[in-house]
Amino acid sequence: MAELGHDVVGLDVDAAKVAMLAAGQAPFHEAGLPELLNKHVAAGRLRFTTDAAQIRQAQIFFIGVGTPQLPGRLGADMSYVDDAVATVLANSNATAEQPALIAGKSTVPVGTAQRIAETCNASGKHLLVAWNPEFLREGHAVHDTLHPDRLVYGLPEDEAQGRQAKALLDECYASVLAEGTPLVVANYPTAELVKVAANSFLATKISFINAMAELCDATDGDVTRLAEAIGYDERIGSKFLQAGIGFGGGCLPKDIRAFMARAGELGVDEALTFLREVDAINLRRRDHAVSLTESALGGSLVGRKIAVLGITFKPDTDDLRDSPALDIASRLRERGAELAVIDPAAGAELRRRRPELAVPDTVTDALQDADAVLLLTPWREYLSLDPVALRPLVRQPIIIDGRNVLDPHQWSDAGWTYYGMGRGVSVW
Ligand code: UGA
């Protein structure tokens with residue numbers, strides 16, 4: 001928002017994060033973000049604080065707090081959103097002449113914006129509500145924010161309020177709109193549903209190709225060729241058709257679950273029964289990776305040394321939330337294996353959080369005397385590893401390619417036994 005030309009105050013309850021941000025340091029790994037932080041903190045256009053009084057003058061309050069899965073339940077924890085709204089209500093000094101806008105970015109159950117709008121109306125404060133979902137991908141957050149592929153505004157049904165809310169958002173996104181970014185204007189429920197529908201579709205696409213990987217495993221087919229071939233059909237498209245150990249992270253898994261929970265509350269759970277299958281296929285990928293490793297090692301993992309390359313839920317982030325790689329590594333260890341895990345971004349965090357996992361400094365150290373090597377997160381640096389040079393390091397040349405990103409022939413030719421995910425052995 002500062003880069004788009006606005007004066008921005010970032011409010012959070014986490015004093016440590018606020019201190020880092022105020023010093024121009026990003027509290028997580030995101031390419032391009034430290035540069036932008038530094039630039040705008042130095043220019044005074046971007047400030048961070050734990051003091052809610054600092055947000056009084058804001059014209060737009062973007063709410064971007066988390067909505068994590070409730071422990072032991074499918075639904076989302078809405079307490080952070082509710083607290084944020086309460087903070088805005090307690091602090092905004094908007095007036096009837098100059099109303100302010102709450103613009104929700106958090107991924108929420110459908111019905112939330114209406115509930116917040118009713119709270120705002122009942123409070124007598126001059127706060128409008130819009131829902132303005134966020135579609136950025138971790139690892140591409142800066143680009144996706146500055147050049148989104150679409151903007152979505154969920155506006156109030158009251159026409160006058162809707163016009164005011166739209167005018168504030170249009171002003172805020174003026175430079176983005178000037179680039180020709182498509183804008184979809186809708187009511188609250190539609191805007192809320194757009195977000196979960198998009199993530200559900202992406203999750204479904206991944207689980208579809210992973211289901212095909214199961215079929216390929218049963219028939220000696222190659223899911224990478226299959227994905228390539230169906231992807232040439234523009235109606236299908238080749239993106240998000242990468243079979244492997246499945247999806248993770250702080251969004252897709254919990255969003256499909258919260259969506260199912262909300263559909264249940266609305267009495268339309270049957271409409272989303274398929275997402276249960278999407279979730280189940282996805283979780284089966286992790287079981288499959290564990291049992292494949294076990295059988296590749298002759299049935300037992302006890303005392304076996306396993307090197308894991310990549311532990312974040314996807315490359316270009318240090319995010320470990322619901323990471324399939326970390327789940328698989330943990331399960332291998334529970335079954336008696338000795339793990340050496342390496343990751344370009346999450347090594348330090350992993351050492352702190354999971355001291356039972358060895359985290360060496362280099363790939364060479366990780367592979368030393370390994371009985372099997374598992375590539376679980378396709379960081380760029382792991383795609384070009386040289387199987388010939390690595391062969392002498394390991395005790396057993398077994399490579400399990402959890403993301404189907406290596407060349408099976410190159411690794412086999414160098415003396416490795418290669419296992420992909422739904423990648424039957426073929427000369428083709
Ligand atoms: C996802 C959506 O892609 C964003 O559009 C959305 O804004 C964001 O959630 C959110 O709700 O905030 P993100 O969680 O950053 O973004 O991650 P993705 O790039 O969607 O990847 C999710 C998982 O799917 C990763 O574990 C990735 O490895 C896996 N994946 C992705 C596959 O297994 N196969 C694929 O073909 C693609």
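We count ligands from 1, going down the list as the structure has it; atoms in each ligand are counted the same way.
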Nearest-neighbour protein heavy atom for [atom], which is reported as residue plus atom name and distance:
atom	value
atom 20 (O) of ligand 1	F240 CZ, 3.3 Å
atom 12 (O) of ligand 1	C251 SG, 3.1 Å
atom 8 (C) of ligand 1	L136 O, 3.4 Å

For E270, I'd like to know if atom CD has over 12 heavy atoms of other residues, nucleotides or ligands within 6.0 Å. no
Counting heavy atoms not belonging to K17, are there more than 12 under 6.0 Å from its NZ? no
R403 near ligand 1, heavy-atom distance under 4.0 Å? yes
Please confirm whether [X] comes within less than 3.5 Å of ligand 1 when only nitrogen or oxygen atoms on both sides are compared.
X	answer
R137	no
T107	no
F135	yes

We want to know whether W379 and T312 form a side-chain donor-acceptor pair, criterion being a heavy-atom distance below 3.5 angstrom. yes
Distance alone, cut at 3.5 Å: any donor-acceptor contact between the side chains of S79 and D77? yes
The one among Q242, K314, M421 that brings a heavy atom closest to atom 18 (P) of ligand 1: K314
Please work out which of L252, N282, I206, V196 has its closest non-hydrogen atom nearest to atom 1 (C) of ligand 1. L252
